[in-house]
**Q** 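Dropping the structure in here first, questions after.
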Amino acid sequence: MQLPLYYNEEEEWNKTLLLYDSVLREINTKLEILNNEFKQAHQYNPIEHITSRIKSPESIARKIRKKNKELTIENIVKYVNDVAGVRIICSFTSDIYRIASAISNQDDVTVLRVKDYIANPKPNGYMSYHMIVSIPIFLTNDVIDTKVEIQIRTIAMDFWASLEHKIYYKFEGKAPAGITDELKECANIISFLDEKMLSINESVKHYHQDFNGGVAMSSENPLPVIYPDDTGRNKNSLDSLKSYYGSVVSDE
């Protein structure tokens, strides 16, 4: 992975890549442990699958140019927060906040920034939960806090985001208004589908309690549920679920 850097920074860039590769290993291990714990304690795994990547040289250079900064290692580390990135795909919307909370509560994880595009979707309809965190990487003679971006979304959100990206790529980011409106409508449908599936899942839990004498199978180890405040979006479809919702603070 090469960048058009000054020759004397090549060795430094290789060391930086080692840190980003290491932080991906760290966060993936943490997520695997969390998922295994959920499966053992609750007979349920909130994580469907995980993907990770290091941003391409072209994308890094493009992002630095947008910020009107010189392409140096120092500027990359300082201004590009998503060189290392992890995407977590969950079953239900409530799982997103459950996973985000579990990550945030770890002692060696520092949350630097949160953007909640589920409570506050982007104008084009994009929904996802973004976190920038730093994790200490222990080297032979040093400990270096290294940033990684974590995106958490449902299967439905990921489906929409993937296809939206492909469609916009064909138009080089300038899709006709009609296409944009159609994509926004699809995003609304995706949001309703997620809420409907969550509602069905909660109903299944109640049926499960009834069949077990009013006691849920996981009552000894209840799962904490964290959900954003109702912002008025699809309000009617959420009213019946309000008793399950808490709140999450979103940092812009």
**Q** Drop me the distance from M197's CE to I200's CD1, to the nearest 0.5 angstrom.
**A**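 If we round to the nearest 0.5 Å, M197:CE and I200:CD1 are 5.5 Å apart.
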
**Q** Could you go through residues 33-40 and list every donor-acceptor pair under 3.5 Å that involves a side-chain atom there, pairing it with any protein atom two or more places apart or in another chain?
**A**
residue	atom	partner	partner atom	Å
N35	OD1	I47	N	3.4
N36	ND2	E32	O	3.3

**Q** Can you sort out the partners of D21 under salt bridge (charged side-chain N to carboxylate O under 4.0 Å, His left out), two or more places apart, ordered by chain and number?
**A** R25

**Q** Are the aromatic rings of Y97 and Y129 close, with centres under 6.0 Å apart?
**A** yes

**Q** Does the side chain to side chain contact (heavy atoms under 4.5 Å, CB included) test come out yes or no for L112 and V133, once each step is laid out?
**A** CA-CA 5 Å; L112 303 175; V133 307; 5.8 Å; no

**Q** Measuring from atom CD1 of I89 to atom CD1 of I155, what distance do you get when rounded to the nearest 0.5 angstrom?
**A** 8.0 Å

**Q** Could you tell me which residues satisfy salt bridge (charged side-chain N to carboxylate O under 4.0 Å, His left out) with D95, sequence neighbours excluded, listed by chain and number?
**A** R98

**Q** To check you understand the geometry: which heavy-atom pair defines the closest contact between I99 and P46, and what is its length?
**A** CD1-CG, 3.8 Å

**Q** For residues L24 and R53, report the shortest heavy-atom separation together with the two atoms involved.
**A** CD1-O, 3.7 Å

**Q** My understanding is that only residues two or more places apart in sequence, or in another chain, count here; which of them pass side-chain hydrogen bond (donor to acceptor under 3.5 Å, both in side chains) with Q106?
**A**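 Residues passing side-chain hydrogen bond (donor to acceptor under 3.5 Å, both in side chains) with Q106: K30.
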
**Q** Assess whether side chain to side chain contact (heavy atoms under 4.5 Å, CB included) is satisfied between D145 and I135, documenting all intermediate values.
**A** CA-CA 5 Å; D145 287 325; I135 299 173; over 6 Å; no

**Q** Mind checking side chain to side chain contact (heavy atoms under 4.5 Å, CB included) for R65 and listing every partner two or more places apart, or none if nothing turns up?
**A**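 R65: side chain to side chain contact (heavy atoms under 4.5 Å, CB included) contacts with A61, R62.
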
**Q** Quick one: list whatever passes salt bridge (charged side-chain N to carboxylate O under 4.0 Å, His left out) with D181, sequence neighbours left out.
**A**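 D181 satisfies salt bridge (charged side-chain N to carboxylate O under 4.0 Å, His left out) with no residue once adjacent residues are dropped.
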
**Q** Within the 4.5 Å heavy-atom criterion, are F92 and D194 side-chain neighbours or not?
**A**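 Side chain of F92 against side chain of D194, heavy atoms only: no contact under 4.5 Å found.
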
**Q** Going by the side chain to side chain contact (heavy atoms under 4.5 Å, CB included) test, name the single residue among V86, I150, V148, I88 that passes it with S52.
**A** V86

**Q** Just wondering, are more than 12 heavy atoms of other shown residues or ligands nearer than 6.0 Å to NZ in K122?
**A**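 For K122, atom NZ is crowded (more than 12 foreign heavy atoms under 6.0 Å).
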
**Q** Scan the side chains in residues 75-85 for donor-acceptor partners under 3.5 Å anywhere in the protein, sequence neighbours excluded, and list what turns up.
**A**
residue	atom	partner	partner atom	Å
N75	ND2	E70	O	2.7
N75	ND2	T72	OG1	3.3
N81	OD1	K147	NZ	2.6
D82	OD1	K63	NZ	3.1
D82	OD2	K55	NZ	3.1
D82	OD2	K63	NZ	3.1

**Q** Can you tell if the side chain of I152 reaches within under 4.5 Å of the side chain of R87, non-hydrogen atoms only?
**A** no

**Q** From F138 CZ over to D142 CG, what is the distance, rounded to the nearest 0.5 angstrom?
**A**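 The distance works out to 10.5 Å.
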
**Q** Hey, what else clusters with I189 if you join Ile, Leu, Val, Met, Phe, Trp, Tyr whenever side-chain heavy atoms sit under 4.5 Å?
**A**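 Members besides I189: none; it forms no cluster.
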
**Q** For C90 and E48, which heavy atoms make the closest approach, and how far apart are they?
**A**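 Heavy atoms of C90 and E48 come nearest at C-CG, 3.9 Å.
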
**Q** Could you list the residues that satisfy side chain to side chain contact (heavy atoms under 4.5 Å, CB included) with A187, not counting sequence neighbours?
**A** W160

**Q** Mark yes or no for whether T16, through its side chain, and E12, through its backbone, hold a donor-acceptor pair below 3.5 Å.
**A** yes

**Q** Should E195 and T93 be marked as a side chain to side chain contact (heavy atoms under 4.5 Å, CB included) after you check the CA-CA gap, both sets of side-chain angles, and the distance that decides it?
**A** CA-CA 7 Å; E195 290 158 1; T93 314; 5.6 Å; no

**Q** Does T146 have any side chain to side chain contact (heavy atoms under 4.5 Å, CB included) partners at least two apart in sequence or in another chain, and if so, which?
**A** L19, Y20, V23, I137, I144

**Q** Among all residues two or more places apart in sequence or in another chain, which pass the side chain to side chain contact (heavy atoms under 4.5 Å, CB included) test with S128?
**A**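 Listed in chain order: Y126, H130, Q151, R153.
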
**Q** Determine whether the side chains of S101 and S104 contain a donor N or O and an acceptor N or O closer than 3.5 Å.
**A** no

